[in-house]
Trainee: 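Got a structure for you, written out below as C-alpha cells; questions coming shortly.
In what follows, chains are A, B, ... by sequence order, proteins preceding strands, each numbered from 1. Keep in mind the model is a prediction, meaning the values are calculated, not measured.
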There are 2 protein chains.
Amino acid sequence: MTTIKEVAKLAGVSVATVSRALNNSGYVSEAARKKVEAAVEELNFYPNEVARSLYQKKSKLIGLLLPDIANPFFPLIAKGVEDGVNQRGYSLLLGNVEDDLEKEKDYLKIFLQNNIAGVISAVQGDAKEIKKMPFVTLDRVESDRDLAVHSDDYTGGMLAAEVIADRDPKEIVIMVGPKDVPSSAMRLAGNEKVLKERHLDYQLFQTQSYKFELAEQTAHQFFETFPQADSVIASNDVYAIALMKEATKRGQRIPEEFQIIGYDDMPFSRMMYPGLSTIAQPAYEMGYKGAELLCDILEKGFVENGRIQLPVTLKIRESVRKKDKDE
Amino acid sequence: MTTIKEVAKLAGVSVATVSRALNNSGYVSEAARKKVEAAVEELNFYPNEVARSLYQKKSKLIGLLLPDIANPFFPLIAKGVEDGVNQRGYSLLLGNVEDDLEKEKDYLKIFLQNNIAGVISAVQGDAKEIKKMPFVTLDRVESDRDLAVHSDDYTGGMLAAEVIADRDPKEIVIMVGPKDVPSSAMRLAGNEKVLKERHLDYQLFQTQSYKFELAEQTAHQFFETFPQADSVIASNDVYAIALMKEATKRGQRIPEEFQIIGYDDMPFSRMMYPGLSTIAQPAYEMGYKGAELLCDILEKGFVENGRIQLPVTLKIRESVRKKDKDE
DNA sequence: TTGAAAGCGCTACCAG
DNA sequence: CTGGTAGCGCTTTCAA
C-alpha cells in the first residue's frame, strides 16, 4: 500500500499539501495540485480509511442491523440500504442479529469499536446501546424523537380487510403478527376498523413470530384451530404461502373455497400460482430512504423530516375471489 | 470512548502494560494484570479496533462479495458466512456487486482501504484486484491455486437427470444456465451423461442469466420455443418456479402433463404447492465452511485442504411424477 | 517485569 | 499558499 508520504515525496511537496489537495481543504496552488494529482496517478494511490478514521473518530462505515437476512423481506431492504449508503460514499458493516439481544449488543459494540458513522436498524427491540450513535430505524416507530422510515401499516391493514370484505367472505380469520411488534398492532387496527364498519364477524389467530422456519408448523396449527376459515388476512406473505399450501393439501380450492391476502409482497408472491394477493411494502425504497436519512443527519447534522412514511400498495392476484358486483 | 490511556492511569500502570495485559502478550505480573482488569471493568473499556488495525495493517473485517443479495440463494450463504466469521472474531463488510465489474472493483478498493483481513467471494468473474488479498471463492472453482468451497455440480446434474429419466418423460428440455458459469457447464455434463446412457432425446434451452427479474420473461420465451416440453430440468429453482407458473397458466397439470426439477432448494421451494423437486445445495454450510477456510488461512497461514466439495441432495416433491415401477 | 517512545497513515493547526 | 508537527488509540521494540 502506497502512502501519502510517498506521494508527497514524488510530488516534491509535503504531506500536508497532499492531504489538502486530496480533501480540497485549505489552500493549494494549481501547480501543487497538479503535481499531487500526477503523483497519485503514477503511484495508483488511494487513502487508507483506517488512518483517516482514527483521526476523525468516524469511519465511512455504517452498521446494518437485521433480524434475519434469510427472511425474504430483508434482502431487499438490505439492497436498498446498500445502494443508498454507497451513493453517499459509505459502506455497510453487516449485523444479522436473529432476534438475539446479546448478539445485537455484541454488534453494537463492534460498531463502536470500528468508529462506525451511524447505524440503520430493522430489528424490533433495540438495545439501548444504540442511542450512543446516530441511528435510523426501519419498518418501526418507537420513541418520538428517533429517525425512522416505515410504511403506512394502518392503511395497509384497511386495504387488506377491504379486499376480503368485498369478496363474499364466509368465515374471516385474521392472523395477527407478534404482539410486541407495533406494526402488527397497526395493521390489526386497520383490519378491525373496516370489518366492524361492514358489520362482518371475524376471529383472531395470534402468532408469536415472523420466522420463516415456523411458517409451516403455524399453518398447520391454524387449520387445526380454524378448519372452517374461508377468508384469511395473513400476517405476512411467508405465512400466507404456508397457509395456501396447507389449504391446498386439505383439498380446498383457491380462491373458491379458501381466499387469502398476505402482507409485504415479497418477490415470490407474484411468482407462484395462484399468485398471492398482498399489500406491497416498498422494501427496497424503505432501505434506500433510511440510508438517505442517516447520511443527511451525518452530513448536515439535522433533517427537516426525520420520520418518513411510505405508502403501501394493494396487489390483487389470484388468491382472492372476484369482487362482488354490488359493493 | 474510553482509551487505554485512561485505563492505564486508573490502574496505575503504563499503557504498554495495559496493552500487554489485554493481549496476553509479553510479561505482565499477576498484580498488574489484576489492576488492569479492575480498571477495564470499572471504565467499561473496550479497545478501539481502528487504532489496532492501523498499527497491524490488518483489521478484523472480512469483505463479502455477493452477486445479488436479493436472489434467494444468497441470503443463506451470507448467513453461513456471517456465523462462520463471527465464530472466529471477525465481522463482515458487505459488497453486493450486481454482476457489475466496476462495482466489484470499487468494493475491492474499499476493502483494501479498510485494511480488510480477507475476502469471501461468491461472484463469478472476479476482478484480478482480489489476488492482492487472502480470499476464498464460493460456489465456483477457477484457477487451481485458489481456496474454494463448491458443491458437487456434476453429481447434481446426474441426479436431476435421473429423476426425469425415471419418470416416463416424453419431451425433455434442459434449461441451461449461463455459459460462462462453470457450475452450469458441470451440471449440464451430468445431465447429458445420464440422458445419453439412457438413450433419451433432449433439447437445450440456453439462458443468459440467473437473475430473478428475468425469470418470468424467460419462462415465457421457453414455452414459445418448446410448447411441447413435458419434462424439464431447470437451471435453478427460481426459474423452475417461473416455469411452473407459466405451465399452469397454460392449463397444463403438474406433474401429470408437465414435470420439472429445479436446482438449489431455496427455502421457498418446499413452501409452495405443488412442492418443487430439486437438487439441494447446502448454501448455509457453504458459507460457513468458506468462512472457516478463510479464517484458517488468516490464522495459520496455510490449510491442509483448500478446496472443499460439499455433497448435494435430491429432494423429491410433487412437481415430478411417480417413479416408473420397472426402472 | 515495566515504561518510554516510536510509529501505523492521515488530518489539522500554526507559523512562516 | 506551504510545511513542520502534534496527535488520533494502539502495539511493540528496547532499555532499564
Trainee: Within the structure shown, what part of the strands sits under 4.0 Å from V13(A) by heavy-atom distance: base, sugar-phosphate, or nothing?
Mentor: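 Sugar-phosphate contact only.
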
Trainee: Does any donor atom in the side chain of Y284(A) or D83(A) lie under 3.5 Å from an acceptor atom in the other side chain?
Mentor: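 A pair is found: one side chain offers a donor N or O, the other an acceptor, under 3.5 Å apart.
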
Trainee: Write down the protein N/O and nucleotide N/O pairs, taken from nucleotides 8-10 of chain D, whose separation is under 3.5 Å; answer none if there are no such pairs.
Mentor:
from	atom 1	to	atom 2	distance (Å)
dC8(D)	O3'	K57(A)	NZ	3.4
dC8(D)	O2	Y55(A)	N	3.4
dG9(D)	OP1	K57(A)	NZ	2.5
dG9(D)	N2	A51(B)	O	3.2
dC10(D)	OP1	N48(B)	N	3.0
dC10(D)	OP2	I4(B)	N	2.4

Trainee: To the nearest Å, give me how far apart CZ (R20(A)) and P (dC13(C)) are.
Mentor: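 Roughly 11 Å, once rounded to whole Å.
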
Trainee: Please give, in whole Å, the distance from dT2(D) P to K9(A) NZ?
Mentor: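 My rounded result for the distance is 21 Å.
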
Trainee: Kindly say whether I69(A) contributes a backbone atom to a donor-acceptor pair with the side chain of N96(A) at under 3.5 angstrom?
Mentor: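 Such a contact is found between N96(A) side chain and I69(A) backbone.
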
Trainee: Main chain of I116(B), side chain of N114(B): is a donor-acceptor contact present, judged purely on distance under 3.5 Å?
Mentor: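 The answer is no, because no donor-acceptor pair under 3.5 Å joins these two groups.
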
Trainee: Quick one: closest heavy-atom pair of C295(B) and I62(B), and the distance?
Mentor: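 Scanning both residues, the minimum pair turns out to be SG-CD1, 4.4 Å.
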
Trainee: Quick check: closest heavy atoms across L294(A) and G118(A), and the distance to 0.1 Å?
Mentor: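 Of all heavy-atom pairs spanning L294(A) and G118(A), the closest is CD2-C, 3.9 Å.
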
Trainee: Show the numbers, then the answer: is there a side chain to side chain contact (heavy atoms under 4.5 Å, CB included) between E213(B) and D68(B)?
Mentor: CA-CA 11 Å; E213(B) 306 79 46; D68(B) 179 12; 4.3 Å; yes

Trainee: Strictly distance-based, threshold 3.5 Å: is any side-chain N or O of S59(A) a donor or acceptor partner for the main-chain N or O of N115(A)?
Mentor: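 Here the side-chain-to-backbone pair exists.
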
Trainee: Would you indicate which nucleotide in dG4(D), dT2(D), dT2(C) comes nearest to any side-chain atom of T17(A)?
Mentor: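 In terms of side-chain proximity for T17(A), the closest of dG4(D), dT2(D), dT2(C) is dT2(D).
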
Trainee: Among residues 26-34 of chain B, which ones have heavy-atom contacts with DNA chain C below 4.0 Å?
Mentor: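 DNA chain C contact set from residues 26-34 of chain B: Y27(B), V28(B), S29(B), A32(B).
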
Trainee: Output the rounded distance in Å from NZ (K60(A)) to P (dT11(C)).
Mentor: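 For the pair K60(A) NZ and dT11(C) P, the rounded distance is 12 Å.
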
Trainee: Between A11(B) and K35(B), what is the shortest heavy-atom contact and its length?
Mentor: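 Between these two residues, the closest heavy atoms are O-CD, 3.5 Å.
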
